[in-house]
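Here is the naming used below: chain letters follow the sequence lines, and residue numbers restart at 1 for every chain.
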Amino acid sequence: MSRAIVSLPRWARPAPARSRPVLGRRAFLGGCSGVALGLPFLESLLPRSEARAATSTPPRRFLCYYVPNGVWMGGWAIPARATTSTFNLSPTLTSIASIREDTLIINGLHNRPGIPRPVGGAHGTGVPGLLCCAEWKSTGGKVGTSMDQIAANAIGSATALPSMQLGVEKHGPYDEIGVPSLAHGTLSWRNSQPLAKVTDPKLAFDRLFMGVDPKQSAADAQRRRMLKQSILDQVLDQQKSLLPRLGSEDAKKLGDYFQSVRDLEARVAATVPIACGATTSPTTGDYRTNLTAMHDIMALAFQCDATRVITFQAADALATYGMPWVGVDSPHGITHTGDTGGIQRVDKWRLEQFATFIKKLGSLQDVDGKSVLANSAVYYTSEVSDGGRHSNENRPTLLCGQLGGAIKTGRLLVAGTPNGSGADGSWTPCDEGNGSCANQTPAANLYVALLNGLGAPTTSFPSSTGMLALT
Amino acid sequence: LSDLLGVSETGCAKLPTEGAVGFDTIGTYLQTSPLHLELFDGITDDALARFFALPPDAPSRRKIVICDPSSGTACVGQVLRTFGRAAWRRPLQEAEVASLVALTERARSMGEDATGALRASMQAVLLSPHFAFKLELDDGAKLPRALTAHELATRLSYALWSSMPDDELSRAADSGKLTDPATLEAQIVRMLDSPRARALTTDFAGQWLAIRDLPAHETDAQAYPKLVPGLKQAMADQLAATFDHYLRGDRPYVEMASADYAVGVSDALASYLGLPAAGPNGQRSLAGTPRRGLVGAAGVQVVTARGAKTSYVARGVFVLDRLLCRRPPDPPPGVPKLPDVAGAMTKRQIADAHSGRPECAACHSWIDPIGLGMEVFDAAGRARTVDELGNPVETAGALPGETGDAAKRPFDGPVQLASLLGSGDGFRRCVADRFLTFAIGRRLDDDDGQEWTKRIADDAARRGGRLRALLFASLSSSAFRARGGSR
């Protein structure tokens with residue numbers, strides 16, 4: 001595949017390195033303008049990350065690209081046949097025809113832990129359940145650590161930001177039955193602490209370049225870092241006397257607070273630079289403008305190696321915004337109306353935006369001369385399977401990118417066969433005891449495979465039964 | 001932060017919120033992610049930079065930097081004690097002061113000058129959970145327990161001013177007199193009279209009546225070209241002015257639900273809605289229009305619409321949730337696909353088809369009839385005679401009975417709906433529920449909550465029924481003054 005000139009908008013293109021004092025003269029010659037020239041990405045411009053420069057192994061990256069409210073499975077599902085490259089795309093999936101060769105379509109995954117038990121709040125339990133594979137209700141919100149955060153623990157220290165949580169909109173306040181609204185506000189959880197996402201593209205962009213101050217000398221920067229560390233240490237000292245005095249819910253909040261102080265301290269202490277200089281801020285505006293801006297920021301973050309782990313909510317579950325450009329007033333509401341044509345228009349529009357983003361990642365060059373996409377895994381999915389039924393069997397699952405060879409794309413992977421007719425995308429609901437999921441594979445098995453591919457070796461993940469082979 | 005340092009707005013709007021049902025003061029919604037802390041760190045950096053850029057004789061700076069910090073640790077301790085008292089809303093313990101002074105000295109040893117070192121310790125004060133949280137420490141005390149004077153001062157001040165206590169309230173807390181009913185009542189009255197009580201309108205009413213959501217609410221511009229930019233803000237301003245009118249004026253607050261006049265309607269909005277000129281008191285008569293009270297306010301109709309269409313469901317939920325405090329639960333899981341509504345020609349037929357299933361009817365038989373009775377307003381807030389489907393608008397509606405098992409109360413159009421809301425107990429008590437929830441920062445549980453809102457609403461009625469009386473009754477109630485169970 002030829003690597004086209006990068007299609008990032010001007011604001012998102014890495015700027016010349018004038019704002020990065022750590023770069024030497026070569027920075028001015030190659031600089032981030034190398035990106036626009038299609039040069040290998042800044043390989044020579046990484047004096048302070050010897051580990052990265054010394055090895056020819058390019059970074060491995062993970063991105064979870066989430067769309068809300070499930071899909072209309074009647075239009076999405078590809079009838080299970082064989083693992084073949086000659087399958088036909090379903091009517092909905094024709095929207096990703098242009099990225100078919102970079103996509104592994106997976107049939108037959110379920111995520112039973114995302115199902116609310118007792119019933120009620122399928123979106124609210126589905127979102128934290130998606131990457132944690134833990135039940136919200138039976139654990140009282142103690143969903144543990146999501147798969148992206150396990151990856152970030154393993155590979156995040158190599159980058160300025162261990163991981164990023166991004167979205168495009170703040171969802172409205174929608175408590176579901178027994179599940180507070182913050183449960184479906186983020187996909188990323190660490191020790192049951194929700195990691196809030198950034199929905200403002202300007203803010204997301206600024207965070208990439210936080211702490212980059214062209215006017216500051218290295219000694220000054222070091223002094224400032226140490227001073228901030230002392231300040232944060234003093235705050236952390238308060239923990240010992242405070243925590244024993246709190247009730248359990250307050251203690252959890254305060255524990256999270258102090259953990260966040262420690263995170264900030266770690267980020268202050270980290271000297272890993274991001275591999276590009278700051279440029280001008282993105283254009284923000286309506287939903288579609290911001291979606292595009294976030295796509296560009298994620299591409300920039302990967303290309304500049306600012307982070308290797310991102311969770312992204314292309315929209316939020318249950319929100320009441322409209323999508324008049326596809327003639328849909330309420331993307332969640334419509335899933336319960338039986339207007340399958342309208343649901344499919346939403347599904348296809350989201351897939352088209354996703355395909356554009358994937359093509360962008362495919363056009364960016366990585367340190368090894370391959371594309372950023374070739375070294376990444378981008379996981380496209382939703383918190384429920386069929387939106388109208390709140391089901392969680394035979395989940396909509398796409399995996400784009402080759403993760404440095406760990407994923408073989410351009411084919412259909414049949415990981416299981418759901419019970420039932422499949423008429424209108426309807427199968428036997430996956431629930432405890434009825435064995436309906438016996439012929440399917442837990443999504444957790446996919447996460448085991450991804451974690452291994454990302455450099456976070458493991459043999460298991462909550463609810464896993466093994467590892468899904470991706471090649 | 002602004003009040004503490006005497007510097008202007010400091011960027012806290014950047015802090016992401018995940019949205020709260022009801023009010024963002026409810027503790028469950030408080031978020032403490034690394035992102036929040038990182039942003040908050042930057043916000044305090046900026047605020048302190050601005051504070052130390054003030055001239056040395058600026059009042060807010062002199063109030064905190066009461067001596068020359070380069071004169072030695074005695075002064076530094078004094079400054080931090082003063083600043084900490086204000087920021088943490090209670091006196092600091094000596095060990096806390098010592099630890100902060102030690103940080104100042106460490107900063108000096110790193111080469112900071114006296115001001116820079118002080119600034120470091122001041123930032124530690126601001127990044128402390130004692131500043132960021134309204135901590136109410138039980139220390140093993142049996143619950144419920146009465147709040148301490150300092151806790152009470154903090155609750156009062158955030159309930160009425162959305163900010164920290166001022167000097168007078170702090171003094172009343174320091175002396176312990178605040179827990180004395182007479183002092184408490186005098187402080188509540190003083191605080192309600194203060195210009196800082198404007199925060200009630202922006203923060204309490206702003207969330208209760210969805211005023212905050214209105215300006216950014218998306219309405220299909222092509223379908224409603226007359227809804228020009230600025231009109232939604234005018235609608236939001238009208239709702240805020242309505243709340244203010246009852247907060248400052250003499251009319252009983254239940255009239256908010258049913259008033260036959262409107263306040264705070266700009267000329268542009270009046271002309272858009274076809275309302276008459278304002279009288280000398282700024283009020284516009286609603287006689288001859290379908291508008292009365294809150295359900296007649298254009299902002300309410302707009303914020304409950306979806307794009308080009310009205311939503312009788314969203315309108316019904318608005319009334320049930322925000323005006324009657326009877327929020328229906330969200331749809332159950334495994335919601336079946338709705339029956340085919342082809343052939344249903346009117347909105348009522350569609351609603352009836354949807355309510356045909358028992359699992360839907362449980363809530364929608366309550367929700368839909370309210371919203372259908374408000375169909376006379378379009379998605380852009382204007383009155384109409386024909387709906388989106390080309391049918392004459394529905395007007396027949398029904399409001400649930402005052403208690404769960406009482407018969408529904410039928411009405412014809414929003415004027416009658418407003419009259420029902422204004423005459424029953426539901427709205428009267430719901431305002432108490434909303435304010436108490438906002439003020440305490442947690443949702444009231446069903447039994448205690450109903451008992452307390454009834455008592456508070458009755459107390460307010462005895463005191464004349466003004467909104468101020470309701471707020472007064474809420475804040476002087478033992479539900480507000482105790483922690484852990486509202487009894």
J.: For Ala315(A), check side-chain contact (heavy atoms from CB on, under 4.5 Å) against everything at least two apart and list the hits.
T.: Pro68(A), Glu169(A), Tyr287(A), Tyr321(A), Arg350(A)
J.: State, with a plain yes or no, whether a side-chain heavy atom of Thr304(B) is found less than 4.5 Å away from one of Val313(B).
T.: no
J.: Which of these, Val326(A), Asn69(A), Thr335(A), sits in a side-chain contact (heavy atoms from CB on, under 4.5 Å) with Val346(A)?
T.: Val326(A)
J.: Tell me, side chain or backbone of Leu236(A) under 4.5 Å from chain B's heavy atoms, or both, or neither?
T.: neither
J.: Could you tell me which portion of Leu103(B) (side chain, backbone, both or neither) has an atom closer than 4.5 angstrom to a non-hydrogen atom of chain A?
T.: side chain
J.: Does any backbone or side-chain atom of Lys228(A) lie under 4.5 Å from a heavy atom of chain B? Answer side chain, backbone, both or neither.
T.: side chain
J.: Relative to chain A, which segment of Ala314(B) carries a heavy atom at a distance below 4.5 Å: side chain, backbone, both, or neither?
T.: neither
J.: Under 4.5 Å from any heavy atom of chain B, what part of Asp263(A) do you find: side chain, backbone, both or neither?
T.: side chain
J.: Among Asp286(A), Asp233(A), Leu242(A), which residue has the highest count of heavy-atom pairs closer than 4.5 Å to chain B?
T.: Leu242(A)
J.: Taking everything shown except Met110(B) itself, do over 12 heavy atoms lie less than 6.0 Å from its CE?
T.: yes
J.: Picking from Glu112(B), His130(B), Glu96(B), Lys309(B), which has the most non-hydrogen pairs under 4.5 angstrom with chain A?
T.: Glu112(B)
J.: For Arg145(B), what residues pass the salt bridge (charged side-chain N to carboxylate O under 4.0 Å, His left out) criterion, not counting sequence neighbours?
T.: Asp138(B), Glu151(B)
J.: Any heavy-atom pair between the side chains of Arg190(A) and Pro34(B) that's under 4.5 Å?
T.: yes
J.: Which bit of Gln222(B) is near chain A, if near means a heavy-atom gap under 4.5 Å: side chain, backbone, both or neither?
T.: neither
